[in-house]
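Start at 1 and go down the list; that is how both ligands and their atoms are numbered.
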Amino acid sequence: MAILMSASLAPGLYIVAGPIGNLSDLSPHGAQILREADVVAVEDTRVSAKLLRHAGSDRPMVPYHDHSDERVRARLIERMAGEAVALLSDAGTPLISDPGYKLVRDARAAGRAITTAAGPCAAIAALTLSGLPSDRFLFMGFLPNKAKARGDALAEIAGVRATLIFYESGPRCAAALGDMARALGERPAALCREISKAHEDVLTGTLGDLAAACAEKEPRGEIVLIVGPPGEKPPADADEVEAALIAALARLPASQAASEVARTLGADRKALYARAMALKGKA
Ligand code: SAM
């Protein structure tokens, strides 16, 4: 069978970020790739047909998921040797809670050229809308469905000093936010809904406030939850410092006990040492 190669795109893999709402979110670069690729690997041909029409593309599509038959992936990698293969998701950036990781992994291992027409991603769009710290963040994708697994996943990240980003669905929001309030403590949060669409909105408050709002009225549409980092630990009070010092003195000499408590509770080492010597004198 004769293969018709792209007139202007070099062979390889082209990761194309699609819109997350407004079709015009697709970049001119992404649209050009969709028009010129030899084939477009997509999650759902019906969803992507709409975007291809919008981009003026008549290129053929093939369904692709990371759990697709290994042979589907191998065939795409093979095609990338001589053809331009575009990878497109139903929404936003491929690989981000979407298929593509294994395709990129194997394309790289096979030495194929890989490039990206970067663009919209709901996680990043929500972070920028939230008003919460954006210097350090952890993307968690979708939390597990089962309550126990969800609790475990949240417990694992409770101490992480970063803004947290979760994808959620309306029906699960109240339960997820309640679990977050219990596992992470009361923190500022934002519920970002329908970003880049007609009914885009952002609800802010503590995790408890948002859980109560979602329990009262289930939010509709697509949702990203942003949760602020844990607050600074309040300084330990005098009784706590004294108790820690007495416990440390039972195991360690005065100078080491003072150093340990200074390090763990952030208290003044010199004052702790003086107090440790006084306590020793009393003993
Ligand atoms: N690859 C996509 C991206 O780059 O954001 C994410 C795909 S993931 C399967 C779909 C989830 O992303 C939705 O359930 C929702 O949590 C979030 N999402 C996608 N579009 C959104 C939008 N316009 N507004 C809010 N959340 C959105």
Q: For ligand 1, is there an N or O atom under 3.5 Å from any N or O atom of D98?
A: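 In this structure, D98 places an N or O atom under 3.5 Å from an N or O of ligand 1.
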Q: Has ligand 1 got any nitrogen or oxygen that is less than 3.5 angstrom from a nitrogen or oxygen of A122?
A: yes
Q: Just jot down the ligand 1 atoms closer than 4.0 angstrom to any heavy atom of K197, in number order.
A: 23 (N)
Q: Roughly how far apart are D98 CG and C121 SG, rounded to 0.5 Å?
A: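 The distance works out to 9.5 Å.
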Q: Count the heavy atoms of every other residue, nucleotide or ligand shown that sit under 6.0 Å from CZ of R251, and state whether that count exceeds 12.
A: yes
Q: Residue-level breakdown please: for E194 versus ligand 1, do any non-hydrogen atoms fall below 4.0 Å on the side chain, on the backbone, on both, or on neither?
A: backbone
Q: N/O of P94 under 3.5 Å from N/O of ligand 1, yes or no?
A: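 Such a contact does not occur with ligand 1.
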Q: Where is the tightest heavy-atom contact between A10 and A84, given as atom of each residue plus distance?
A: O-CB, 3.8 Å
Q: Identify, for atom 22 (C) of ligand 1, the protein heavy atom at the shortest distance, and state residue, atom and that distance.
A: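 So the nearest neighbour among protein heavy atoms is I195 N, 3.6 Å.
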Q: Name all residues meeting the side chain to side chain contact (heavy atoms under 4.5 Å, CB included) criterion together with P253; count only those two or more places apart in sequence or in a different chain, and write none if there are none.
A: Q256
Q: Counting N and O atoms only, with roles assigned by atom type, does the side chain of T163 sit under 3.5 Å from a partner on the main chain of P133, one being a donor and the other an acceptor?
A: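 Pair found, side chain donor or acceptor close to backbone of P133.
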Q: Hey, is ligand 1 close enough to A123 that some N/O pair sits below 3.5 Å?
A: no
Q: Are L51 and V42 close enough that some pair of their side-chain heavy atoms sits under 4.5 Å apart?
A: no
Q: Could you tell me whether some N/O pair between G92 and ligand 1 is separated by less than 3.5 angstrom?
A: no
Q: Can you measure from CZ (F137) to CG (L127) and round to the nearest 0.5 angstrom?
A: 5.5 Å
Q: Rounded to the nearest 0.5 Å, how far does CD1 of I165 lie from OH of Y167?
A: 8.0 Å
Q: State, to 0.1 Å, how close G100 and L87 come at their nearest heavy-atom pair, and which atoms those are.
A: CA-CD2, 3.8 Å
Q: Could you tell me whether the side chain of P120 reaches within less than 4.5 Å of the side chain of S196, counting heavy atoms only?
A: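 Not in contact.
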Q: Give the contacting part of I223 toward ligand 1: side chain, backbone, both or neither, where contact means a heavy-atom distance below 4.0 Å.
A: backbone
Q: Can you list the ligand 1 atoms lying under 4.0 Å from a non-hydrogen atom of A91?
A: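 Those qualifying, in numeric order: 1 (N), 2 (C).
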Q: So if I count the atoms of ligand 1 from 1 in the order they appear, which ones are less than 4.0 Å from some heavy atom of E168?
A: 16 (O)
Q: Report the part of T93 (side chain from C-beta onward, or backbone N, CA, C, O) that has a heavy atom under 4.0 Å from ligand 1; answer both or neither where that applies.
A: both
Q: Report the nearest protein non-hydrogen atom to atom 3 (C) of ligand 1: residue, atom name, distance rounded to 0.1 Å.
A: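 Closest protein heavy atom to atom 3 (C) of ligand 1: Y167 OH, 3.5 Å.
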Q: Can you tell if the side chain of L88 reaches within under 4.5 Å of the side chain of L52, non-hydrogen atoms only?
A: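 The answer is yes; the side chains approach within 4.5 Å.
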Q: Please list, in number order, the atoms of ligand 1 under 4.0 Å from a heavy atom of S97.
A: 7 (C), 8 (S), 9 (C)
Q: Which residue and non-hydrogen atom of the protein lie closest to atom 6 (C) of ligand 1, and at what distance in Å?
A: I96 O, 3.4 Å
Q: For atom 25 (C) of ligand 1, what's the nearest protein heavy atom and its distance?
A: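 Scanning the protein heavy atoms, the shortest distance from atom 25 (C) of ligand 1 goes to E222 O, 3.2 Å.
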Q: For atom 26 (N) of ligand 1, grab the closest protein heavy atom and report residue, atom and distance to one decimal in Å.
A: V224 CG2, 3.4 Å
Q: Under 4.0 angstrom from ligand 1, any heavy atom of F142?
A: yes
